[in-house]
Colleague: 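The structure follows.
One-based numbering along the sequence shown. Values reported hereafter were calculated over all heavy atoms of this structure, with side chains retained and with hydrogens, waters and symmetry mates removed.
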Amino acid sequence: MSQIAKLLPLDNILLDLEAGSKKRAFEHAALLFENNRGIARSTVFDSLFARERLGSTGLGQGIAIPHGRIKGLKDACGAFLRLHTPVPFDSPDGKPVSQLFVLLVPEQATEQHLQILSELAQRFSDRQCREALAAAPDAAAVLALFAAGS
């Protein structure tokens with residue numbers, strides 16, 4: 001099983017979400033982590049936005065990997081959001097984003113954080129993977145796509 005699938009529980013996958021903006025997408029992600037992991041939504045939201053102020057986490061091709069460090073978090077955790085309508089994200093290619101993998105890591109995580117980001121970037125650089133995630137009918141299918149591969 002991939003490193004990504006290990007940190008992505010089924011209930012952290014939201015499909016065809018109506019967000020309308022990057023801010024709303026972050027609010028949905030923050031609520032998800034609050035409900036499923038007990039991390040205060042304000043902590044998640046503030047961490048994601050603090051990182052975003054350093055530069056867009058949009059990769060291009062409709063993909064973004066917003067991420068943040070969370071004080072007191074023991075293990076990295078993730079969420080996958082597929083938006084019904086793409087939102088502007090200041091991505092390098094100027095395209096709006098419809099798929100987000102939100103990654104939260106412990107405050108001191110360094111090497112693991114970089115390995116996960118690298119694996120995500122590699123996955124999302126594959127057009128077939130992006131298309132399969134865009135077409136996945138449900139959360140279980142999304143999780144299976146992340147679990148497949150190295």
Side-chain angles (χ1 to χ4, degrees), residues 2-73 75-107 109 113-114 116-147:
S2 79
Q3 199 171 192
I4 297 166
K6 289 179 191 160
L7 53 89
L8 181 64
L10 203 55
D11 57 0
N12 273 16
I13 299 172
L14 290 180
L15 303 182
D16 304 320
L17 183 66
E18 282 294 350
S21 68
K22 182 192 297 193
K23 179 179 183 263
R24 291 287 299 141
F26 286 0
E27 288 170 352
H28 282 289
L31 185 60
L32 196 66
F33 284 110
E34 183 175 77
N35 290 339
N36 298 342
R37 290 293 304 260
I39 306 165
R41 77 177 83 167
S42 59
T43 301
V44 174
F45 184 84
D46 292 348
S47 176
L48 294 176
F49 249 102
R51 169 57 189 84
E52 205 66 26
R53 278 193 289 277
L54 301 175
S56 176
T57 54
L59 300 182
Q61 304 298 322
I63 304 295
I65 308 175
H67 50 282
R69 295 177 184 275
I70 304 292
K71 187 175 185 167
L73 189 65
D75 299 300
C77 55
F80 179 78
L81 310 179
R82 186 175 72 198
L83 307 181
H84 184 266
T85 306
V87 298
F89 225 88
D90 301 321
S91 298
D93 63 1
K95 291 182 180 174
V97 163
S98 60
Q99 296 181 47
L100 297 88
F101 193 101
V102 182
L103 177 66
L104 300 181
V105 296
E107 198 172 31
H113 181 188
L114 295 175
I116 295 166
L117 287 172
S118 172
E119 185 179 336
L120 284 165
Q122 196 171 4
R123 276 298 167 88
F124 286 128
S125 69
D126 179 343
R127 184 172 56 85
Q128 285 181 306
C129 177
R130 290 192 309 270
E131 289 174 356
L133 287 167
D138 56 33
V142 168
L143 188 59
L145 287 165
F146 280 117

Colleague: Would you give the length of the straight line joining atom CD1 of Ile65 to atom CD1 of Ile116, rounded to the nearest 0.5 angstrom?
Modeller: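 These two atoms lie 11.0 Å from each other.
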Colleague: To the closest 0.5 Å, what do you measure between CZ (Phe80) and CG (Leu32)?
Modeller: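 These two atoms lie 12.5 Å from each other.
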Colleague: Quick one: pull up OG in Ser47 and CD1 in Ile39 and give me the separation to the nearest 0.5 Å.
Modeller: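 Rounded to the nearest 0.5 Å, the OG-CD1 separation comes to 9.5 Å.
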Colleague: With a 4.5 Å cut-off on side-chain heavy atoms, are Leu7 and Asp75 touching?
Modeller: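 Sidechains of Leu7 and Asp75: no contact.
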Colleague: I would like to know whether Arg82 and Leu133 meet side chain to side chain contact (heavy atoms under 4.5 Å, CB included); could you show each step before the answer?
Modeller: CA-CA 8 Å; Arg82 186 175 72 198; Leu133 287 167; 5.9 Å; no
Colleague: Measure the OG-CZ distance between Ser56 and Arg51 for me, rounded to the nearest 0.5 Å.
Modeller: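 Going from the OG atom of Ser56 to the CZ atom of Arg51 covers 8.0 Å.
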Colleague: Give a yes or no on whether the backbone of Asn36 and the side-chain of Asp11 come within a donor-acceptor separation of less than 3.5 Å.
Modeller: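 Between the backbone of Asn36 and the side chain of Asp11 there is no qualifying donor-acceptor contact (under 3.5 Å).
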Colleague: Restricting to non-hydrogen atoms, name the atom on Leu59 and the atom on Ser91 that form the minimum distance, rounded to 0.1 Å.
Modeller: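 Nearest pair, atom of Leu59 first, then Ser91: N-OG, 4.4 Å.
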Colleague: What pair of heavy atoms forms the shortest contact from Ala76 to Val105, and how long is it?
Modeller: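 Heavy atoms only, the tightest pair is CB-CG1, 4.0 Å.
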Colleague: Taking atom CZ of Arg69 and atom NE2 of His113, what is their separation to the nearest 0.5 Å?
Modeller: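 Reported to 0.5 Å precision, the distance equals 5.5 Å.
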Colleague: Among pairs that include at least one residue of residues 29-38, which meet salt bridge (charged side-chain N to carboxylate O under 4.0 Å, His left out), considering only residues two or more places apart or in two chains?
Modeller: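 Residue pairs with at least one partner in residues 29-38: Glu34-Arg41.
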Colleague: Indicate yes or no: at least one non-hydrogen side-chain atom of Phe26 is less than 4.5 angstrom from one of Glu52.
Modeller: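 The answer is yes, as the side chains (C-beta and beyond) meet within the 4.5 Å cut-off.
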Colleague: Rounded at 0.5 Å granularity, tell me how far CD1 in Ile63 sits from CD in Gln99.
Modeller: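 Rounded to the nearest 0.5 Å, the CD1-CD separation comes out at 4.0 Å.
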Colleague: Tell me every residue that passes ring-ring contact (aromatic ring centres under 6.0 Å, His included) with Phe33, counting only those two or more places apart in sequence or in another chain.
Modeller: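 With neighbours one apart ignored, the set is empty.
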Colleague: Can you establish whether the number of heavy atoms outside Glu131 located under 6.0 Å from its atom CD is more than 12?
Modeller: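 Count over threshold, so yes.
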Colleague: List the residues meeting ring-ring contact (aromatic ring centres under 6.0 Å, His included) with His28, not counting sequence neighbours, and say none if there are none.
Modeller: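 ring-ring contact (aromatic ring centres under 6.0 Å, His included) check on His28 returns nothing, list empty.
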Colleague: Is there a side chain to side chain contact (heavy atoms under 4.5 Å, CB included) between Leu73 and Glu107? Walk through the geometry before answering.
Modeller: CA-CA 7 Å; Leu73 189 65; Glu107 198 172 31; over 6 Å; no
Colleague: Check whether any side-chain heavy atom of Thr57 lies under 4.5 Å from a side-chain heavy atom of Leu48, and answer yes or no.
Modeller: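 Result no, sub-4.5 Å side-chain heavy-atom pair not found.
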Colleague: What heavy-atom pair brings Ser98 and Pro86 nearest, and what distance separates the two atoms?
Modeller: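 The answer is CB-CG, 4.0 Å.
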Colleague: Could you go through Lys22 and Asp90, starting from their C-alpha distance and side-chain angles, then the distance that decides it, and tell me whether this counts as side chain to side chain contact (heavy atoms under 4.5 Å, CB included)?
Modeller: CA-CA 10 Å; Lys22 182 192 297 193; Asp90 301 321; 3.8 Å; yes
Colleague: Write down the atom of Leu143, the atom of Ala5, and the distance for their closest heavy-atom approach.
Modeller: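 Smallest interatomic distance, heavy atoms only, reads CD1-O, 4.1 Å.
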Colleague: Indicate the atoms forming the closest heavy-atom contact of Ala136 with Val142, along with that distance.
Modeller: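 Taking every non-hydrogen atom into account, CB-CG2, 3.6 Å.
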Colleague: Between Gly78 and Phe101, which heavy-atom pair has the shortest distance, and what is it?
Modeller: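 In this case the closest contact between Gly78 and Phe101 is CA-CE2, 3.9 Å.
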Colleague: Between Arg123 (side chain only) and Phe146 (backbone N and O only), is there a donor and an acceptor less than 3.5 Å apart?
Modeller: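 Flag set: sc Arg123 to bb Phe146 pair under 3.5 Å.
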Colleague: Using a 4.5 Å cut-off on heavy atoms from C-beta on, say whether the side chain of Gln61 contacts that of Phe124.
Modeller: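 Heavy-atom side-chain distance check fails, nothing below 4.5 Å.
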